[in-house]
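Notes follow the structure.
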Number of protein chains: 2
Amino acid sequence: MARIGIRQVAAEAGVSMTTVSHVLNDVPNAQVRAETRERVLLAAQRLGYTPNRMARSLRTRRTGALGLISDSIATTPYAGQLILGAQRAAQEHGYMIVLFNTEDDPVVEERELQALTDYQVDGVIYATMYHRVVSVPQALANRPLVLLDAEPADAQAVDGDKGGGVPWVVPDEVAGGRTATEELTANGHRRIGFVTNVDDVPATSGRLQGYQEALAAAGLQFDPALVISDESESWGGYRAARFLLERGDRPTALFCYNDRMAMGAYRAAAELGLRIPGDLSVVGFDDQELITLGLYPELTSVALPHFDMGYWAGERLVEVLDDTDQSAPVSRLTMPCPLVRRSSVAPV
Amino acid sequence: MARIGIRQVAAEAGVSMTTVSHVLNDVPNAQVRAETRERVLLAAQRLGYTPNRMARSLRTRRTGALGLISDSIATTPYAGQLILGAQRAAQEHGYMIVLFNTEDDPVVEERELQALTDYQVDGVIYATMYHRVVSVPQALANRPLVLLDAEPADAQAVDGDKGGGVPWVVPDEVAGGRTATEELTANGHRRIGFVTNVDDVPATSGRLQGYQEALAAAGLQFDPALVISDESESWGGYRAARFLLERGDRPTALFCYNDRMAMGAYRAAAELGLRIPGDLSVVGFDDQELITLGLYPELTSVALPHFDMGYWAGERLVEVLDDTDQSAPVSRLTMPCPLVRRSSVAPV
DNA sequence: TTGTATGCGTTATCAA
DNA sequence: TTGATAACGCATACAA
């Protein structure tokens, strides 16, 4: 049983290979008579024809594969959404996603970049699992490339700008911080603590800025004493929250850098006999359901748009690959972070 | 600049394409003179030759791609480890992993299986993110296939047995349940509650069995009243634990079906004024660091060997693909679940 | 509007 | 021990 190829379809339809190819690929130039076209389509259908991707690839010099290389797929709960988004977009355009991992190890990264080349992927999505500033590896310089949840060290372009360089998408940390804080001011809170982290990443400065903007918008004075930094873990959040809540003029609400720190803040509140949300309102960040749904009361949190970012990156890369004209419409995007309301916020 | 291929290497080395192919692929039959061999290797090196995978694939009818199709990559924190393990194994043998997703939707699954065929992957890893009993889709029946974290509905073979069917790997739920319970009996606990879930999955029955075995091994009587089932969420764990802990002869230790339920148990204990581990010892399952490290005190938990299972599945599939003799050595494996000790267990 | 013929870069068959 | 050469299945320049 000879595997059915374009040749068999041609025979079945009583036409030549060329015609079949034209019909099946919707070649723009040469036209095919509608009747012939129909015949070919039917024949292909009847025979259950599936194009041989290897042969096609050899000929077109395109594999239809997108490489997704990321720093640490294993240890973060975000990875899934990021990858799934990219996968969905790729799938919709007939591409497949091939995974690569650097494990945050330069040696491994080197090896993976080599593999990326060996496998001859058509384009690359360079992803980080936490919003980071990265310098694009030299090996990726002259390839179709999109940055996912990462921004290039030499970035400067404005939102929606062409920017000229490599497209990238990151969460809008500033707007996210604003959203979280506004939820609190909207509930009448006037003393709002910010339990933040100590790392020098875009999220740290961005969310702080959003916090300040929201305060200003509500006519509130920014008080540096209400901002406490610590490790972005549960125990860091505990320490910071405890410090804030033990003050005489304790805040009535806490905006926490992430859900882990919020988890620590819950413990601090419990130890001090403070009820949530009755005595203290709390807003987290990241919307990690393991935490937000696990805590009691369930935690209101700002979600990171991982799926959407992944999807955008996939779409964008396909655009770059498929578009004849390379007039990149948008090369940089910050995505909004939606608020997910639960039960940890109440009016003062 | 013509891309360098086997032809260029041949010219550079002053030999024929055939010879180059022979030495580069270590063809077992035809021997090449050591000196010639050296010359070819050097030429390839000097030119930085990289084989064209599409051409090779077209010829060998093998893509070097393994399809990893899973039910829900997005929503679970396990996915990363599972995928990473498989990816690592694949990588080590020169294969790449291509991702597919069913989203637990039969329609999508249908489409993805089709894609799997279109992309002509050499083999398939069918993975579920929670240990499940599955029936292998018809479309996968006659392909190189390995089940990951899933067991076929018609399974019957013994560990290490050839089994004849498709290879699969799952966690050893029984041993895991035993491990968790033994940690408690070893600390002198004699009244050990089991906060379990209501779903009919292998983990439910397996862990219960392990619990019973450990009790028996410690010479303790199994008391059905100490086993409470509820939804495997934080609030379910809360309810079940609360019920157990309010009894007059409350247990001094709790084995929880998973970390989420343990999280709820923590809350129940706190509300009842019970200190952990002073008044109550707790062991969880899954070792989800977001929870185990977030809780206070940090939760002792039994870890699911996701990375190892992924790795095994990858290795196994490659074996099936590469091995000339198809005498499958092992077709079924249950992996041990190691205990991760933290601070939630103390002697009575 | 449709058909013929060539080549993409390898591997494998056969001959030398 | 090495070298010519024929597929692999498809897309396309060119001819009809």
Side-chain angles (χ1 to χ4, degrees), chain A residues 1-41 43-44 47-65 94 117-120 122 322 324, chain B residues 1-41 43-44 47-65 94 117-120 122 322 324:
Chain A
M1 66 142 214
R3 195 178 135 56
I4 49 109
I6 201 176
R7 173 174 269 112
Q8 279 69 32
V9 177
E12 176 83 6
V15 298
S16 76
M17 287 168 49
T18 310
T19 307
V20 174
S21 181
H22 281 172
V23 161
L24 262 34
N25 294 320
D26 272 326
V27 177
N29 300 10
Q31 293 299 350
V32 179
R33 194 157 21 130
E35 189 261 330
T36 316
R37 173 187 204 70
E38 213 45 48
R39 229 173 46 235
V40 172
L41 256 20
L47 266 43
Y49 168 77
T50 305
N52 183 323
R53 295 188 63 104
M54 318 174 213
R56 169 180 293 177
S57 290
L58 179 58
R59 193 52 233 250
T60 60
R61 303 172 148 279
R62 311 194 56 187
T63 53
T117 306
D118 289 352
Y119 289 130
Q120 297 173 263
D122 293 337
D322 288 356
T324 46
Chain B
M1 67 145 215
R3 194 178 132 59
I4 49 109
I6 201 175
R7 173 173 269 112
Q8 280 68 32
V9 176
E12 176 84 5
V15 298
S16 76
M17 287 167 50
T18 310
T19 309
V20 174
S21 180
H22 280 172
V23 7
L24 259 36
N25 294 320
D26 272 326
V27 176
N29 300 11
Q31 293 300 350
V32 179
R33 191 154 28 123
E35 189 261 330
T36 316
R37 172 186 205 71
E38 212 47 47
R39 228 173 47 234
V40 172
L41 255 21
L47 267 44
Y49 168 76
T50 306
N52 183 322
R53 296 188 61 106
M54 320 174 211
R56 169 178 293 175
S57 292
L58 178 57
R59 196 50 234 242
T60 60
R61 305 171 146 281
R62 311 194 54 188
T63 53
T117 306
D118 289 351
Y119 289 129
Q120 297 174 264
D122 293 337
D322 288 355
T324 46

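Order of the sequence lines fixes the chain letters, A, B, ..., with proteins taken first and strands second; residue numbering starts at 1 for each chain.
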> Nearest 0.5 Å, what's the OG1-CG distance between A:Thr60 and A:Asp122?
Replying inline: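 With rounding to 0.5 Å, OG1 (A:Thr60) is 8.0 Å from CG (A:Asp122).
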>> For the CG atom of A:Leu24 and the CE atom of A:Met17, what is their distance to the nearest 0.5 Å?
In response: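 Answer rounded to 0.5 Å: 12.0 Å.
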>> What's the angle between the local helix axes at either end of the helix from C:dT1-D:dA16 to C:dA16-D:dT1, using five pairs per end and rounding to 10 degrees?
In response: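 Axis angle across the helix from C:dT1-D:dA16 to C:dA16-D:dT1, nearest 10°: 40°.
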Nearest heavy-atom neighbours spanning [X] and [Y]:
| X | Y | value |
| --- | --- | --- |
| B:Met54 | B:Asn52 | N-OD1, 2.8 Å |
| B:Val20 | B:Val9 | CG1-CG1, 3.9 Å |
| B:Asp26 | B:Arg37 | OD1-NH2, 2.6 Å |
| B:Thr63 | B:Gln120 | OG1-O, 2.8 Å |

> Do the side chains of B:Asn25 and B:Arg56 get nearer than 4.5 Å, heavy atoms only?
Replying inline: yes
>> At under 4.0 Å between heavy atoms, how does the protein contact nucleotides 8-16 of chain D? Give one character per nucleotide, 5' to 3', with B, S or -.
In response: BBBBBB---
>> Regarding A:Ser21 and A:Thr18, do their side chains bring together a donor and an acceptor under 3.5 Å, going by distance alone?
In response: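 Side-chain D/A pair, A:Ser21 to A:Thr18: absent.
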> Counting any heavy atom closer than 4.0 Å, what does B:Thr36 reach on the DNA or RNA strands: base, sugar-phosphate only, or nothing?
Replying inline: sugar-phosphate
